[in-house]
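Let me begin by presenting the structure, written as structure tokens, before commenting on it.
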Amino acid sequence: MRRRQLIEIEDQPWCPAAVRDGLTDYLQFVVDRGDPYAAAAPLLIDALRASSTSLDPNWTAQVLDLGSGAGGPWRRLLPRLTEGGVRLSVRLSDLHPNVAAFEQLARETHGALHGDARSVPADAVPSDLPGFRTMFTAFHHFAPDGARRVISDAVTQGRGIAIFESTTRDARTLVVMLLVPLFVLLTTPFLRPFRWSRLLLTYILPLIPLIALFDGVVSALRTYTPGEMRELAESVDGSAGYTWSAGEAGRGPIPMTYLIGVPRATTRQGS
């Protein structure tokens, strides 16, 4: 199936904040309950250890998450990485930050997860935001030139980067996306934080379920294959100084796809 560079309504600057927050809250609920990124934990543990130059066994890995939405999979990933022996400080960021969601996660994790209230573009990250970069369910938003800029920005600043997607560009994902409006209707009463606007835009004027369907189908059609992600990475200036891996992982009808790049200068022998 050929990749199509269509638009997602949530990405558009004219999309009302109430609609965008309603969509990210729903996606957060799905990620928390469905756990589509469970397979990312061991991959991230290996990548963070390989990218560290610290000799301190109690070192804390600094992570900058890009395109975080309402927090992505970090509520589940954080304890898994901690159990795997990696201490983390994760800064959440987004072009349109969901500040209320970031603040809630900061309270729940005693600051291990914390947000940046600024608008942070994934392809032009401010130099004062350090750390290994991660991106979940967001890379497909970028056309090939923009996707290269996301990778190039990390390479130029010497940052490790791990990109994960929970959709694939095939009929399996498209069938699942057709059920999204029903999922939105069923899960909305359980979403937090509570918003009157979410109820209005789901049950009275059903913009959220309809846009979730449209954006979900578009997301599937825009998703890169592991081979395409690797080709994008290797076309970036400076990419030869990185060790790249790409593939599929996880169980279930829709596998998780990933691209991981670690600067070779910091890769430990035997990692």
Side-chain angles (χ1 to χ4, degrees), residues 1-13 15 20 23-24 26-28 30-31 34 36-37 39-40 43-44 64-74 77 92-98 120-125 133-154 161-180 183 211-236 244-250 252-261:
M1 186 180 296
R2 184 171 64 87
R3 182 179 183 275
R4 299 179 184 276
Q5 186 58 42
L6 306 171
I7 69 164
E8 292 184 47
I9 295 174
E10 181 192 351
D11 295 344
Q12 307 310 307
C15 179
R20 182 180 295 111
L23 290 165
T24 57
Y26 163 73
L27 292 172
Q28 187 62 49
V30 171
V31 168
Y37 291 113
L43 296 170
L44 275 175
L64 173 65
D65 189 60
L66 303 170
S68 299
W74 282 107
L77 278 180
L92 306 170
S93 70
D94 201 281
L95 189 65
H96 305 287
N98 188 331
V120 178
D123 58 352
V125 177
R133 298 182 184 179
T134 58
M135 177 179 280
F136 295 88
T137 325
F139 192 65
H140 65 270
H141 290 212
F142 295 88
D145 286 346
R148 288 189 191 91
R149 289 196 302 271
V150 170
I151 299 170
S152 178
D153 191 72
I161 185 168
I163 295 167
F164 302 95
E165 293 279 1
S166 62
T167 54
T168 52
R169 198 171 72 236
D170 55 30
R172 294 172 299 178
T173 302
L174 291 175
V175 169
V176 171
M177 292 305 171
L178 293 177
L179 299 174
V180 163
F183 295 156
I211 293 174
L213 169 62
F214 180 86
D215 282 4
V217 170
V218 170
S219 293
L221 295 175
R222 296 168 84 182
T223 301
Y224 294 97
T225 66
E228 289 168 344
M229 288 195 287
R230 184 158 192 152
E231 287 179 8
L232 288 169
E234 292 177 346
S235 70
V236 167
W244 298 100
S245 61
E248 294 183 349
I254 303 176
M256 178 193 76
T257 58
Y258 67 88
L259 171 73
I260 298 175

Trace of the side-chain contact (heavy atoms from CB on, under 4.5 Å) decision for Ile9 with Phe214: CA-CA 8 Å; Ile9 295 174; Phe214 180 86; 3.9 Å; yes
Pair Tyr37-Met256, side-chain contact (heavy atoms from CB on, under 4.5 Å): steps then yes or no: CA-CA 7 Å; Tyr37 291 113; Met256 178 193 76; 3.6 Å; yes
Candidate pair Leu179 and Leu213, rule side-chain contact (heavy atoms from CB on, under 4.5 Å), full reasoning: CA-CA 8 Å; Leu179 299 174; Leu213 169 62; over 6 Å; no
Residues Asp11, His96; criterion side-chain contact (heavy atoms from CB on, under 4.5 Å); working and verdict: CA-CA 9 Å; Asp11 295 344; His96 305 287; over 6 Å; no
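Taking CZ of Arg169 as the start and OG1 of Thr225 as the end, the distance is 6.0 Å to the nearest 0.5 Å. The line from OG1 of Thr223 to CZ of Arg4 is 13.5 Å long, rounded to the nearest 0.5 Å. To the nearest 0.5 Å, atom NE2 of residue His141 and atom CG of residue Leu95 are 11.0 Å apart. In this structure, CH2 on Trp244 lies 5.5 Å from CG on Leu259, to the nearest 0.5 angstrom. The line from CD of Gln28 to OG1 of Thr137 is 9.5 Å long, rounded to the nearest 0.5 Å. Between atom OH of residue Tyr26 and atom CZ of residue Phe183 there is a gap of 6.5 Å, rounded to the nearest 0.5 Å.
Inter-residue side-chain proximity for Leu232 and Pro144 is flagged as met; some heavy-atom pair is nearer than 4.5 Å. At a threshold of 4.5 Å between non-hydrogen side-chain atoms, the residues Ile161 and Ile260 do not count as touching. Using a 4.5 Å heavy-atom cutoff, the side chains of Leu6 and Val217 are not in contact. Side chains of Phe142 and Gln5 form no contact here, defined as non-hydrogen atoms less than 4.5 Å apart. Residues Ile163 and Phe136 fail the side-chain proximity criterion, which asks for heavy atoms closer than 4.5 Å. Using a 4.5 Å cut-off on side-chain heavy atoms (C-beta onward), Leu174 and Met1 make contact.
A donor-acceptor pair under 3.5 Å links the side-chain atoms of Asp153 to the main chain of Val125, judged by distance alone. At least one donor-acceptor pair closer than 3.5 Å links the side chain of Asp215 to the backbone N or O of Glu10. Not a single donor-acceptor pair under 3.5 Å links the side chain of Arg148 to the backbone N or O of Ala233. Between the side chain of Glu165 and the backbone N or O of His140 there is at least one donor-acceptor pair closer than 3.5 Å. With hydrogens and angles disregarded, no donor-acceptor distance shorter than 3.5 Å links the side chain of Tyr224 to the backbone of Phe139.
In plain terms, the two heavy atoms of Pro73 and Val31 that are nearest each other are CA-CG1, 3.4 Å. Residues Pro255 and Glu248 come closest through the heavy atom pair CG-OE1, 3.5 Å. Shown here for Pro36 and Ser166, the closest heavy-atom pair between the two residues is CB-CB, 4.0 Å.
Under the ring-ring contact (aromatic ring centres under 6.0 Å, His included) criterion, Tyr258 pairs with no residue at all, not counting sequence neighbours. With sequence neighbours left out, the side-chain contact (heavy atoms from CB on, under 4.5 Å) criterion links Thr173 to Thr167, Thr168, Asp170, Met177, Ala220, Ile254.
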Throw together a table of side-chain donor-acceptor distances under 3.5 angstrom for residues 64-72, partners on residues two or more places apart or in other chains.
from, atom 1, to, atom 2, distance (Å)
Asp65, OD1, Trp74, NE1, 3.2
Asp65, OD1, Thr134, OG1, 2.6
Asp65, OD2, Ser68, OG, 2.7
Ser68, OG, Asp65, O, 3.2
Ser68, OG, Ser93, N, 3.0
Ser68, OG, Ser93, O, 3.0

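Side chain to side chain, Ser219 and Glu8 meet the donor-acceptor criterion of an N or O pair below 3.5 Å.
Using a 4.0 Å cut-off between charged nitrogen and carboxylate oxygen, Asp94 and Arg20 do not count as a salt-bridge pair.
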